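Before any comments, here is the structure.
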Amino acid sequence: MAKNINTHLFCYDDHRGFTEDVRKQFTDSTRYTVMSFHTREEFIDHLQEEKEHNFCKIAILGAHDTREQFEMIDRLTMEIKRIDQRIGLILLGPADKMEEIKKTVKFNIDAYIPKNANSILRIHNTVKNLISEHSIGIFRKRRNFSLYILLTFFLLSVLLILIAYFKLPGYF
């Protein structure tokens, strides 16, 4: 855990309502890269370009009051997960419509956050949580690889001891 993981935050904010607050919250350029998109096409194109990279990626989607917007966000989340399964999704919506949003957009969302005075802090906490999950996944892969090497060495040692026992019984 010695090195910092660079986290890329992709904000889909078609009404330019929360992106500047997110930029102010995540100012450390060595740890966070905040990118804002105002059209769906730009957003999807950029995600397809970043598909092959292994850094932590989080998309923050802003939803508004209309039912059509919720359905469009649902289709967008499906498309984002089709592009990259590992990307984290945060949905930011109006507080009074949050239950309707949860019913419409059921799958693929890591956090539903209502827009209010605490929303930026909640986004920050959710981003930290998703970064931790990403790091745990990386360290789990490293641990498993190390375990496989250890088991291979152990089995090879046992095999060499058995061969030596049968070939050179005088030493045992």
Side-chain angles (χ1 to χ4, degrees), residues 1-13 17-37 40 42-63 70 73-93 95 98-99 101-158:
M1 293 186 127
K3 81 174 193 180
N4 289 334
I5 296 173
N6 194 354
T7 303
H8 288 246
L9 300 170
F10 306 114
C11 299
Y12 175 65
D13 186 16
F18 63 89
T19 304
E20 288 305 316
D21 294 333
V22 171
R23 285 186 198 276
K24 290 176 187 175
Q25 183 68 30
F26 299 100
T27 57
D28 187 7
S29 62
T30 60
R31 296 181 67 194
Y32 304 105
T33 303
V34 180
M35 289 173 256
S36 174
F37 302 96
R40 184 176 186 270
E42 287 178 344
F43 184 68
I44 294 298
D45 290 341
H46 189 75
L47 287 179
Q48 288 175 344
E49 290 172 8
E50 298 290 334
K51 178 179 166 180
E52 298 300 322
H53 302 291
N54 290 328
F55 46 75
C56 184
K57 295 175 274 196
I58 300 170
I60 303 172
L61 307 173
F70 303 155
I73 292 291
D74 185 37
R75 288 190 301 273
L76 183 63
T77 58
M78 297 287 187
E79 192 168 352
I80 290 170
K81 286 296 185 175
R82 182 186 52 79
I83 291 170
D84 190 359
Q85 284 289 324
R86 297 172 296 174
I87 194 165
L89 291 173
I90 300 173
L91 185 62
L92 185 64
M98 196 52 67
E99 289 302 318
I101 292 172
K102 286 181 182 178
K103 289 178 184 174
T104 305
V105 186
K106 294 179 184 178
F107 305 108
N108 300 327
I109 301 294
D110 294 310
Y112 297 93
I113 298 176
K115 286 183 188 176
N116 56 23
N118 296 330
S119 61
I120 296 300
L121 294 175
R122 289 183 182 184
I123 289 172
H124 188 263
N125 290 338
T126 305
V127 166
K128 293 287 187 183
N129 185 14
L130 292 172
I131 291 170
S132 297
E133 289 175 7
H134 179 77
S135 297
I136 287 170
I138 290 171
F139 291 121
R140 182 177 295 135
K141 288 177 187 174
R142 289 180 185 172
R143 181 203 62 202
N144 289 346
F145 182 70
S146 299
L147 184 64
Y148 294 146
I149 289 174
L150 179 67
L151 287 175
T152 303
F153 178 74
F154 179 73
L155 291 175
L156 187 62
S157 299
V158 168

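Just so you know, these numbers come straight off a predicted model, no measurement behind them. Numbers for residues simply follow the sequence, beginning at 1.
When all heavy atoms are compared, the tightest approach of Leu92 to Lys115 is CG-CG, 3.7 Å. When all heavy atoms of Gly88 and Leu130 are compared, the pair lying nearest together is CA-CD1, 4.2 Å. What you find for Phe26 and Ile123 is that their closest heavy atoms are CE1-CG2, 4.2 Å. Closest approach of Arg23 to Val34, counting heavy atoms only: NH1-O, 3.1 Å. The nearest pair of heavy atoms linking Thr77 to Asp74 is OG1-O, 2.6 Å. For the pair Val22 and Cys11, the tightest heavy-atom approach, listed with the atom from each and the gap, is CG1-SG, 4.0 Å.
Cation-pi geometry between Lys57 and Phe55 is met: under 6.0 angstrom from the ring centre, within 45 degrees of the axis.
Annotation: side chain of Met78 is in contact with side chain of Asn108 (closest heavy-atom distance under 4.5 Å). In this structure, Ile131 and Tyr32 have side chains that are in contact, with non-hydrogen atoms separated by less than 4.5 Å. At least one side-chain heavy atom of Asn6 sits less than 4.5 Å from a side-chain heavy atom of His8. For the pair Arg40 and Leu76, the minimum side-chain heavy-atom distance is below 4.5 Å. Counting only heavy atoms from C-beta outward, the side chains of Ile90 and Ile109 never approach each other to under 4.5 Å. The side-chain heavy atoms of Glu79 and Ile44, taken from C-beta on, include a pair separated by under 4.5 Å.
The backbone N or O of Lys81 lies less than 3.5 Å from a partner atom in the side chain of Gln85, making a donor-acceptor pair. Although no hydrogens or angles enter the test, the distance criterion places a donor-acceptor pair under 3.5 Å between the side chain of Asp110 and the main chain of Leu89. Looking only at distances, a side-chain donor or acceptor of Ser119 sits under 3.5 Å from a matching main-chain atom of Asn116. At least one donor-acceptor pair under 3.5 Å links the side chain of Tyr112 to the backbone N or O of Val105.
Separation of atoms CE (Met35) and CD1 (Ile60) is listed at 11.5 Å; rounding is to 0.5 Å. Atoms CZ and CD, on Phe43 and Gln48 in that order, are 11.0 Å from each other to the nearest 0.5 Å. Atom CD1 of Ile113 and atom OG1 of Thr126 lie 4.0 Å apart (nearest 0.5 Å). Separating the CG atom in Asp21 from the NE2 atom in His124 is a distance of 13.5 Å, to the nearest 0.5 Å. Separation of atoms CD1 (Ile101) and CZ (Phe70) is listed at 4.0 Å; rounding is to 0.5 Å. For the atom pair CD1 of Ile138 and CZ of Arg142, the computed distance is 6.5 Å after rounding to the nearest 0.5 Å.
In summary, the side chains of Asp13 and Ser36 do not present any donor paired with an acceptor at a separation below 3.5 Å, with no hydrogens or angles considered. Between the side chains of Arg86 and Asn54, at least one donor N or O sits under 3.5 Å from an acceptor N or O.
Note on ring orientation: taking the six-membered ring where Trp is involved, the planes of Phe10 and Phe37 are tilted (angle from 30° to 60°).
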Exercise for review: Report the C-alpha separation of Leu9 and Thr33 in whole Å, then their side-chain angles, then the decisive distance to 0.1 Å, and conclude whether the side chain to side chain contact (heavy atoms under 4.5 Å, CB included) test is met.
Suggested key: CA-CA 6 Å; Leu9 300 170; Thr33 303; over 6 Å; no
